[in-house]
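Counting begins at 1 with the first residue of the sequence. From a predicted model like this one, the values you see are computed outputs, not experimental measurements.
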Amino acid sequence: QVQLVESGGGLVQAGGSLRLSCAASGRTFSSLSMVWFRQAPGKEREFVAAINRSGGNTYYENSVKGRFTISRDNDKNTVYLQMDGLKPDDTAVYYCAARYFGGPSDSAKEYSVWGQGTRVTVSA
């Protein structure tokens with residue numbers, strides 16, 4: 001079973017940038033569809049961005065389009081989330097997740113492997 005470890009969260013002012021990383025163990029990373037979700041205090045977990053196995057197709061939640069970029073490096077077993085133009089509403093714990101079968105999905109139920117999360121706080 002692959003394991004995921006997120007990093008890169010922190011405190012940033014509105015308008016700033018952060019780059020999240022999600023490192024995967026194991027040899028099957030290139031066969032995984034990867035996704036980022038986030039969960040703000042008192043809210044349900046929500047889809048942020050997803051990427052297919054090759055990295056050729058990406059998908060975004062509407063509120064982050066044009067500000068966030070998901071990418072992956074299959075040689076380094078890592079998926080990234082570059083977050084620019086951060087807003088206070090982006091404050092949340094960000095989770096990466098992996099799916100063995102099927103393409104990227106915006107439903108959390110489709111993902112069987114999750115990281116522990118990394119906290120992002122955006123101050124006004």
Going by atom types only, do R38 and Y94 share a side-chain donor-acceptor pair under 3.5 Å?
->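 Side-chain D/A pair, R38 to Y94: present.
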Under 3.5 Å, is there a donor-acceptor pair linking the side chains of S17 and D84?
->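 Yes, side-chain donor-acceptor contact under 3.5 Å.
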Tell me, do [X] and [Y] make a side-chain contact under 4.5 Å, heavy atoms counted?
X	Y	result
F68	L81	yes
R45	W114	yes
E6	L20	no
Y60	T69	yes
E61	W36	no

If you count the non-hydrogen atoms of other residues, nucleotides and ligands that lie under 6.0 Å from CD in Q1, is the total more than 12?
->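 Counting neighbours around CD of Q1, more than 12 heavy atoms of other residues, nucleotides or ligands fall under 6.0 Å, so yes.
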What do you reckon, is CD of E46 surrounded by more than 12 foreign heavy atoms closer than 6.0 Å?
->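 More than 12 within 6.0 Å, yes.
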Non-hydrogen atoms of [X] and [Y] that approach each other most closely:
X	Y	value
Y111	A97	CB-CB, 3.7 Å
L32	A98	CD1-CB, 4.0 Å
S105	S107	OG-N, 3.0 Å

Could you list all the disulfide (SG to SG under 2.5 Å) pairs where at least one residue sits in residues 60-90, not counting sequence neighbours?
->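 Sorted result for residues 60-90: empty, none.
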Provide the full list of disulfide (SG to SG under 2.5 Å) pairs with a residue in residues 10-98, sequence neighbours left out, each pair given once.
->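 Applying disulfide (SG to SG under 2.5 Å) to every pair that reaches into residues 10-98, excluding sequence neighbours, yields C22-C96.
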Determine, for Y80 and R72, whether the Lys NZ or Arg CZ falls below 6.0 Å from the six-membered ring centre while staying within 45 degrees of the axis.
->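 No - R72 does not lie over the ring of Y80 by the 6.0 Å and 45° rule.
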